[in-house]
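Reminder, nothing fancy here: chain letters follow the sequence lines and each chain counts from 1. These numbers were taken from a predicted model, which means no experiment stands behind them.
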Amino acid sequence: MSVIKELARKESKGKSFRGGHSLCRGCGIPIVVRTVLNSIDTPVVVISATGCLEVATTRFPTTAWNVPWLHVAFENAAAAASGVETAYKALKKREAIPDDEPVTFVVFGGDGGTYDIGLQSLSGALERGHRFLYVCYDNEAYMNTGIQRSSATPFGASTTTSPSGKKSYGKAQKRKDLTAIMEAHHLSYVGQSSISHWYDLSTKVKKAVSTEGPAFINVLSTCQLGWRHEPKDAVNVARLAVETCFWPLYEVVEGHYNLTHEPIKKLPVKTWLKTQGRFSHLFQETNKSVLERIQQDVDEDWNRLLDRCSQDAHYFEKQEPTFLREMKQARL
Amino acid sequence: MNEPIKIYSQGEAQLRVRRDWCKGCDICVDACPADILALDETDQIIVNDIDKCIFCGICAERCPDFCFSLYRPEPLNTK
């Protein structure tokens, strides 16, 4: 696997994504993009859904991308990616482009473009089996247009369209479990990671691009504006989400669950909620039951995940998936 | 007006900092294990003591604005 120095060295040699963009200070998205792109050794083609990343990195006439980059619309990033991938295959068949170097297709979409608007085209592209890696940077609301709730917004969070107040405690619905929906497409690799654990994310990307067919990684990214925390705490807040088991880090390899990071001590979810202004109303006396329900939900989901992981433990002990074995051999 | 890229060197290894890209988010200051990074009065990054730098690369990995790049001689035993 890569170490941080290798990633940093790759960064100084050929930057596929560069600074000078207009994303907010303390934004988590560039951390996701850089770690993902630096972990891929082949040339890449990037397809972006509409979102903070697309808007802030490609202000006319400038661009922050040093790789082929395509954006079509909000809802069809995955459909555009399947078109690009098919065109590449067709050109290769006609011998119009050299066959020797494989190209990786990476799609970046926010939680709005993935959980809500782009879900239909993503589901279709995954079912058709186009070979690309879909990375969802999940900052849990439509941050680009002014913090509207999305189906990734957690229960109890205050956003501009689910504001907290006298009669409301924020969003009243539980968030959608997208990683489970992706797992239901029978992909060979589905992962869930966070910006705070760069090694975990980098390893998952390497595993994902070495599979045949589509792969999906859901990465928790922070938004200091929407989550209302200090910009310097961006990485720490993401880490607390993992340590409180709100956002467990796991992977699903060919339908088998594997926990990639188990917190040494499971912290109460309160410690994570306290760091953010969007949850500050939950600490009033009237909202005590909401806080309890959040902890209950997190515990239930965590125990369910632990159960599934222990059921599938034999799979990772006995037979290693072929591509994992090949990767290990390549490293030796 | 500051020069766009400030080069700090320790022997052959270099830490290059693009100060004009810095938005002053403080993430690197928080992450640096050697504790040598700080923000100046204009809220932009400065390196206090380059001799203490261990060239771990965590600043280059974390910075959302790509301010840091590390240059070092290639190790001899690369495969």
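Listed here is the closest heavy atom pair of A:Pro30 and B:Phe66: CB-CE1, 3.9 Å. A:Gly26 approaches B:Cys25 most closely through the heavy-atom pair N-CB, 3.1 Å.
Only the side chain of B:Asp30 comes within less than 4.5 Å of a heavy atom in chain A; its backbone stays farther off. For A:Ile195, the part sitting under 4.5 Å from any heavy atom of chain B is the backbone (N, CA, C, O) and nothing else.
For the pair A:Val235/B:Arg62, a side-chain contact is recorded, criterion being any heavy-atom separation below 4.5 Å from C-beta on. Contact check for A:Trp198 versus B:Glu61: side-chain heavy atoms found under the 4.5 Å cut-off.
Remark: A:Arg25 engages B:Asp43 in a salt bridge, criterion side-chain N to carboxylate O under 4.0 Å.
More than 12 non-hydrogen atoms from other residues, nucleotides or ligands lie less than 6.0 angstrom from CD of A:Gln148.
Here A:Asn236 contributes atom CG and B:Ile27 contributes atom CD1; the two are 9.0 Å apart, rounded to the nearest 0.5 Å. Expressed to the nearest 0.5 Å, how far NZ of B:Lys23 lies from NE2 of A:His21 amounts to 5.0 Å.
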